[in-house]
Amino acid sequence: MAPGIATNGPGSSPGAAIRDAILAGVIALGIFGPLVGLKTEQNMQNELIITTRWGTVAIIVAIVIFGRFLLTTTIWPAIARRKASDAGPSRTSVAVKAGIARWFPPVGLVFLFVYPAIVVGLLGFQGSLKWVDNFGIQILIYVMLGWGLNIVVGLAGLLDLGYVAFYAVGAYAYALLATHFGLSFWILLPLAGILAALWGIMLGFPVLRLRGDYLAIVTLAFGEIIRLVLINFRELTNGSAGISSIPKITFFGLYSFDISAPNYVAKVFDLPMSSAYYKIFLYYLILLLALLTAFVTIRLRKLPVGRAWEALREDEIACRSLGINTTNTKLTAFALGAMFGGFAGSFFAARQGFVSPESFTFMESAVIVAIVVLGGMGSMIGVALAAVAMIGGTEILRELDFLKAVFGEGFDPDQYRMLFFGLAMVLVMIWKPRGFVSAREPTVFLTERKSISGSLVKEGHG
Amino acid sequence: MEIFLQQLINGITLGSIYGLIAIGYTMVFGIIGMVNFAHGDVFMVSAFIAMIFFLLFTTVLGISSVIVALILVMLIAMFLTGLLNWAIERVAYRPLRGSFRLAPLISAIGMSIVLSNFIQVAQGPRNKPLPPVLSGTITLMERNNFAATISYKQILIWVVTAVLLAGFWYVVQKTPLGRAQRACEQDRKMAALLGVNVDRTISLTFVMGAALAAVAGTLYLTYYGVVNFSDGFTPGVKAFTAAVLGGIGSLPGAVLGGLLIGLIETFWSGYFSIDYKDVAAFSILAIVLIFMPQGLLGRPEVEKV
């Protein structure tokens with residue numbers, strides 16, 4: 001057995017640290033040696049051949065040895081010292097944190113509203129496309145999904161690993177009804193939400209008696225079932241080929257963003273043609289939808305049902321003995337979460353113009369759950385920050401072209417996107433198991449509203 | 001009748017593989033109450049390790065006997081996968097022990113993403129086909145041009161699974177390590193007070209689960225002859241389904257659940273529709289959990305205040 005993490009206090013000798021680092025290197029060699037060093041490739045006869053890459057293995061092992069040595073000699077002792085000397089948060093740091101907590105939401109909100117203007121001002125309409133679409137809209141969709149799932153996971157404490165099923169229901173509801181019946185987005189948006197909520201109730205009713213991990217696994221199974229049905233029910237959904245040419249959203253039927261339409265927005269206002277108008281319109285639409293989710297959640301938390309959710313999360317037995325109908329309480333959370341998932345889904349279908357089962361894999365559910373937990377379950381700001389960090393961070397990896405200069409022309413940073421995403425999930429959990437924002441403000445208080453640390457309560461909320 | 005027999009043989013073969021993976025889930029859940037989401041991907045990595053060493057032995061080192069090569073490959077895969085899972089537990093799960101409920105699960109999901117993407121980057125996204133090994137079959141029954149056959153590969157899978165399960169059963173029931181594991185499963189704090197090295201026991205549980213997954217990976221590779229970086233998810237979820245179906249925490253339950261899931265899947269694709277075989281497996285999971293949340297052989301969970 002290698003020396004444990006906890007035993008490597010500040011007092012351990014450099015010799016032990018070196019031995020420990022070398023052991024880590026040997027283990028890394030065992031794991032990475034065959035998997036990285038021996039690359040299998042198909043030759044012209046479709047036979048697998050082995051090519052060796054011992055240089056890469058040597059670099060990885062060296063990084064592991066050096067990293068482990070640094071950890072045991074410098075980083076862990078430093079953390080331990082800080083913990084030992086830190087008697088509690090100082091008065092000024094508390095004041096600074098409270099200030100940030102008070103000013104961050106309004107400032108962030110203003111920034112979100114002027115963001116497209118800033119980007120257009122800096123880069124012009126054509127240059128803004130990527131920043132509004134890949135960063136703005138993409139991140140906001142995940143913020144909305146995160147906030148929607150936050151009702152289920154963060155407030156009601158029900159671990160739902162199949163949330164993407166409701167996203168899929170919303171997306172397919174819009175895609176099918178819009179292409180077959182030509183209905184407008186503004187009719188189908190509420191309809192998609194209602195349909196998703198109905199599915200939420202239908203699926204939730206039998207499974208909500210289950211607890212914890214069992215609920216997680218059944219919701220995962222339902223998510224997979226919906227995806228598999230979407231793939232195999234070819235008559236309705238066109239299978240894995242998906243549904244394409246989904247109509248664009250109109251500006252409440254007044255103006256269209258379709259170039260061939262008579263009321264195309266650029267024609268009406270005599271503007272130069274650009275696809276940026278539609279992107280900017282979509283940006284504000286998803287921003288408003290996300291804010292609607294946040295608004296409803298914040299208001300609901302103050303209603304009896306919201307308090308029942310949070311009570312349920314902390315202690316189900318206590319809730320039952322106090323006469324709360326746990327099934328109804330869970331169902332409302334499930335249905336509401338599903339409804340916002342459905343809204344986001346129909347927006348997604350309209351934005352892409354194309355849906356296929358590929359977009360609704362388990363990985364999507366996992367990413368959304370990860371955003372909620374990394375952000376700090378129940379915290380709206382935390383979830384938004386996690387979405388920005390995880391989705392924005394991995395999107396930025398696409399942009400890092402300069403890495404090609406460092407690692408050679410064949411280097412494709414996009415390949416490493418999900419690898420870094422997974423690593424970030426593990427590291428954030430180890431660093432802050434309660435998520436980015438773990439302090440909570442109680443919704444009900446006696447004389448004075450106090451933030452408390454997440455570690456003081458069972459599930460990490462006040 | 002021939003079709004029934006054939007599906008039975010195929011189902012037991014598939015079920016053996018699921019059962020071997022399911023043990024890893026059920027042991028980890030039993031001992032630390034955590035759904036080890038990365039276990040399916042550990043299984044996939046083990047199949048890659050087996051593929052690499054099989055190639056190394058047959059093409060580079062020139063070992064001509066397939067059986068010798070397979071045994072060597074299996075042992076190496078067991079060792080390296082055990083090492084990998086040990087390292088994963090140390091890095092990603094142990095710091096989170098005693099933390100709140102969802103943290104290890106999220107860490108495990110992250111690890112699962114890391115493993116599959118690491119293999120994609122390191123070994124490439126394409127399928128890795130092996131030349132067929134052990135390709136003979138034995139005909140059991142033949143009528144109207146349809147023969148129920150059992151292949152040497154299937155016999156190999158049955159034999160290896162049976163031998164390993166017997167050995168594993170012995171370890172858990174009769175050795176000090178097994179006793180320590182069962183003690184930790186019942187009450188970790190009390191076991192620690194009585195002198196059981198809990199950390200070491202948990203580490204070895206991960207190693208044992210990974211070693212069984214590596215056997216499953218090697219068998220999967222010889223059976224299908226191809227492996228891909230994304231092959232961890234579906235067998236992983238199905239093996240977890242098997243563990244839950246059999247009653248999570250129960251070792252015979254995991255094997256029974258694995259066999260049942262394998263049989264349901266093959267019979268469904270044989271008699272109804274191959275497209276919906278996974279839907280059938282997941283629906284059974286949902287139905288069992290709704291009506292019998294403790295699973296087939298699990299102990300009912302009594303919740304106390």
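In the text below, chain A, chain B and the rest are named by the order of the sequence lines, each starting its count at 1.
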Colleague: Chain B heavy atoms under 4.5 Å from V426(A): which part of the residue, side chain, backbone, both or neither?
Modeller: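 Contact with chain B: backbone and side chain both.
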Colleague: If I compare all heavy atoms of V36(A) with all of A122(B), which pair ends up nearest, and what's the gap?
Modeller: CG2-CB, 4.3 Å
Colleague: With side-chain contact (heavy atoms from CB on, under 4.5 Å) as the criterion, how do V218(A) and F282(B) come out once you've worked through the C-alpha distance, each side chain's angles and the decisive distance to 0.1 Å?
Modeller: CA-CA 8 Å; V218(A) 173; F282(B) 291 135; over 6 Å; no
Colleague: Heavy-atom distances under 4.5 Å only: say whether L105(B) touches chain A with side chain, backbone, both or neither.
Modeller: side chain
Colleague: Can you tell me which portion of F205(A) sits under 4.5 Å from chain B's heavy atoms? Options are side chain, backbone, both or neither.
Modeller: neither
Colleague: Roughly how far, to the nearest 0.5 Å, is CE of M425(A) from CD1 of I106(B)?
Modeller: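 Interatomic distance, I106(B) CD1 to M425(A) CE, rounded to 0.5 Å: 5.5 Å.
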Colleague: Between M34(B) and chain A, which part of the residue has a heavy atom less than 4.5 Å away: side chain, backbone, both or neither?
Modeller: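 For M34(B), there is no contact with chain A at all, as no heavy atom is under 4.5 Å.
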Colleague: Out of curiosity, D278(B) CG to I225(A) CD1, how far, rounded to the nearest 0.5 Å?
Modeller: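 Nearest 0.5 Å value for the CG-CD1 distance: 10.0 Å.
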Colleague: As an exercise: rank K128(B), Q120(B), M51(B), R126(B) by heavy-atom pairs under 4.5 Å with chain A and give me the winner.
Modeller: K128(B)
Colleague: Before giving the answer on ring pair (Phe, Tyr, Trp, His ring centres under 6.0 Å), spell out for F233(A) and Y276(B) the whole-Å C-alpha distance, their side-chain angles and the decisive distance to 0.1 Å.
Modeller: CA-CA 10 Å; F233(A) 195 1; Y276(B) 287 97; 8.1 Å; no
Colleague: Examine whether an atom of L220(A) lies under 4.5 Å from a heavy atom of chain B, and if so say whether it belongs to the side chain, the backbone or both; otherwise answer neither.
Modeller: side chain
Colleague: Hey, what do you get for NZ (K238(B)) to CD (E224(A)), rounding to the nearest 0.5 Å?
Modeller: 10.0 Å
Colleague: When you measure from the side chain of Q123(B) to the backbone of L38(A), do you find a donor-acceptor pair of N or O atoms at a distance under 3.5 Å?
Modeller: yes
Colleague: Check each atom of S283(B) against the heavy atoms of chain A and say whether the ones under 4.5 Å are side chain, backbone, both or neither.
Modeller: both
Colleague: Check each atom of V279(B) against the heavy atoms of chain A and say whether the ones under 4.5 Å are side chain, backbone, both or neither.
Modeller: both
Colleague: Side chain, backbone, both or neither: which part of I76(B) has an atom under 4.5 Å from a heavy atom of chain A?
Modeller: neither
Colleague: As an exercise, state the distance from CD1 of I113(B) to CG of L423(A), rounded to the nearest 0.5 Å.
Modeller: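 Atom-to-atom, I113(B):CD1 and L423(A):CG are 10.0 Å apart.
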Colleague: With a 4.5 Å heavy-atom cut-off, do V114(B) and F421(A) have their side chains touching?
Modeller: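 No, every pair of side-chain atoms sits at 4.5 Å or beyond.
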Colleague: Side chain from CB out, backbone as N, CA, C, O: work out which of these in A87(B) comes under 4.5 Å of a heavy atom of chain A, or both, or neither.
Modeller: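 The answer is the side chain of A87(B).
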Colleague: Roughly how far, to the nearest 0.5 Å, is the OG1 atom of T234(B) from the CZ atom of F362(A)?
Modeller: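 These two atoms lie 11.5 Å from each other.
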Colleague: Just wondering, do F118(B) and M418(A) contact through their side chains at under 4.5 Å, heavy atoms?
Modeller: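 No, too far: nothing below the 4.5 Å cut-off.
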Colleague: Go through the atoms of F79(B) and report whether side chain, backbone, both or neither lie under 4.5 Å from a heavy atom of chain A.
Modeller: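 No part of it gets close to chain A.
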Colleague: Check L80(B) against P34(A) and note the closest heavy-atom contact, atom names and distance.
Modeller: CD1-CG, 3.6 Å
Colleague: Taking side chain as everything from C-beta outward and backbone as N, CA, C, O, which of these in L96(B) sits under 4.5 Å from a heavy atom of chain A? Side chain, backbone, both or neither.
Modeller: side chain
Colleague: Do you know which of R227(A), R53(A), M363(A), K39(A) has the most heavy-atom pairs with chain B at a distance under 4.5 angstrom?
Modeller: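 Going by pairs under 4.5 Å, I would pick K39(A).
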Colleague: Where does L203(A) contact chain B at under 4.5 Å (heavy atoms): side chain, backbone, both or neither?
Modeller: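 The answer is neither part of L203(A).
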Colleague: Atom CD1 in I31(A), atom CG in L83(B): separation rounded to 0.5 Å?
Modeller: 4.5 Å
Colleague: Relative to chain A, which segment of Y93(B) carries a heavy atom at a distance below 4.5 Å: side chain, backbone, both, or neither?
Modeller: neither
Colleague: At a 4.5 Å cut-off on heavy atoms, which part of N127(B) comes close to chain A: side chain, backbone, both, or neither?
Modeller: backbone
